[in-house]
Amino acid sequence: MLTGPVGTGKTALAVAMIEFLKNRNKTVMFVSTNEMARMFGNMYDPIDGREVKRRLKLLVKAMSTVDILVLDDFGTEGGMRGSIRSVRKDMQDSIYDIANARYENQKATIITTNNTLGELQSMYSSKILSRLIPTSHNHNIDFSQLDDVRASVL
């Protein structure tokens, strides 16, 4: 898990990691959880809902079976600081199914997040987080002491 403020390079490191692993015959997948949340919101659309549901079903299956999965910006689907809320039940159910399948099959999951553990606990059930969030500090990289590299470009 890569944690810390925005713009500190968490996503860039995750992308570098999957590029390295992809070149070693591992299947990889990069998913923005914010975009996934949008799909869940659109699956009840009277015009496009059926197609969105079909795509979500394929997405969940792929996320469950790929060797390396990156969940980018995990937690943004539950809001930003000051407006944290529980993630919608249908998305939590799918994330649980994905996390459970990955845990049972010992598949690697890389998470990038701007949220604290306490914020994530406000968004997701403990069953999900126990399968996704590493308890060993050796599996966490904290970017909190780094500066926003994007802000320095402006």
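- The line from CG of Leu129 to OG1 of Thr135 is 12.5 Å long, rounded to the nearest 0.5 Å.
- Between Asp97 atom CG and Met63 atom CE the span is 11.0 Å, to the nearest 0.5 Å.
- Within a 6.0 Å radius of CD1 in Ile47, other residues, nucleotides and ligands contribute 12 heavy atoms or fewer.
- For the residue pair Asn100 / Lys127, no side-chain donor-acceptor distance below 3.5 Å is found, with atom types taken as modelled.
- Among all heavy-atom pairs drawn from Gln92 and Ser86, the shortest one is NE2-OG, 3.3 Å.
- With values rounded to the nearest 0.5 angstrom, Leu21 atom CG is found 7.0 Å from Met17 atom CE.
- Across every non-hydrogen atom of Gly75 and Leu120, the tightest pair is CA-CD2, 3.9 Å.
- Within the model, atoms CG of Asn114 and OG of Ser144 stand 12.0 Å from one another, a figure rounded to the nearest 0.5 Å.
- Residues Val15 and Phe20 share a hydrophobic cluster, clusters being chains of Ile/Leu/Val/Met/Phe/Trp/Tyr side chains in contact below 4.5 Å.
- Counting only distance, with no hydrogens or angles, the side chain of Lys10 and the backbone of Pro5 share a donor-acceptor pair below 3.5 Å.
- With a 6.0 Å radius and a threshold of 12 heavy atoms from other residues, nucleotides or ligands, Arg50 has its CZ atom at or below the threshold.
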Dump the intermediate steps for side chain to side chain contact (heavy atoms under 4.5 Å, CB included) on Gln145 and Thr8, then the final yes or no.
CA-CA 9 Å; Gln145 301 301 312; Thr8 53; over 6 Å; no
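- Tyr124 and Phe74 have their aromatic ring centers within a separation under 6.0 angstrom.
- Here the straight-line distance linking atom CG of Leu2 with atom CD1 of Ile111 works out to 9.0 Å at 0.5 Å rounding.
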Between Met29 and Val70, does the side chain to side chain contact (heavy atoms under 4.5 Å, CB included) criterion hold? Intermediate values first, please.
CA-CA 6 Å; Met29 187 173 191; Val70 174; over 6 Å; no
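- Contact detail for Ile84 and Ser122: the closest heavy-atom pair is CG2-CB, 3.8 Å.
- Side-chain atoms of Glu77 do not come within 3.5 Å of backbone N or O of Ala37 as any donor-acceptor pair.
- No continuous path of ILVMFWY side-chain contacts below 4.5 Å connects Val31 to Tyr103, so the two sit in separate hydrophobic clusters.
- Checked by atom type and distance alone, the side chain of Arg131 never pairs as donor or acceptor with a backbone atom of Ile98 at under 3.5 Å.
- For the residue pair Glu19/Asn23, the side-chain donor-acceptor check at 3.5 Å is not satisfied.
- One N or O on the side chain of Arg102 and one on the backbone of Ala108 form a donor-acceptor pair closer than 3.5 Å.
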Evaluate the side chain to side chain contact (heavy atoms under 4.5 Å, CB included) criterion for residues Met1 and His139: first the C-alpha distance (whole Å), next the side-chain angles of each, then the deciding distance (0.1 Å), finally the verdict.
CA-CA 6 Å; Met1 184 162 88; His139 297 116; over 6 Å; no
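- The only member of Asn34, Thr11, Thr33, Thr113 that meets side chain to side chain donor-acceptor pair (under 3.5 Å) when paired with Asp72 is Thr11.
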Evaluate Arg55 against Asp48 for side chain to side chain contact (heavy atoms under 4.5 Å, CB included), listing each step before the verdict.
CA-CA 11 Å; Arg55 290 177 50 216; Asp48 298 324; over 6 Å; no
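- Annotation: side chain of Val66 is not in contact with side chain of Lys107 (no heavy-atom distance under 4.5 Å).
- At least one donor-acceptor pair closer than 3.5 Å links the side chain of Glu119 to the backbone N or O of Thr116.
- A donor-acceptor distance shorter than 3.5 angstrom exists from the side chain of Thr76 to the backbone of Asp73, with no hydrogens or angles considered.
- Looking at heavy atoms from C-beta onward, Met43 lies in side-chain contact with Leu56 at the 4.5 angstrom threshold.
- Taking 4.5 Å as the limit, some side-chain heavy atom of Ile68 sits within range of a side-chain heavy atom of Ile110.
- Minimum interatomic distance between Ser64 and Val60 (heavy atoms only, all atoms of both residues): OG-O, 2.8 Å.
- Looking only at side-chain heavy atoms (C-beta outward), Val28 and Asp67 stay at 4.5 Å or farther from each other.
- Annotation for Gly41 and Arg88: closest pair CA-NH1, 3.4 Å, computed over non-hydrogen atoms.
- Considering only heavy atoms from C-beta on, Asp90 comes within 4.5 Å of Tyr44 through its side chain.
- At least one side-chain heavy atom of Ile141 sits under 4.5 Å from a side-chain heavy atom of Leu13.
- Put simply, NZ on Lys57 and OG on Ser94 are 11.5 Å apart, with the number rounded to the nearest 0.5 Å.
- Contact record, Met39 with Leu59: SD-CD2, 4.1 Å, taken as the closest heavy-atom pair.
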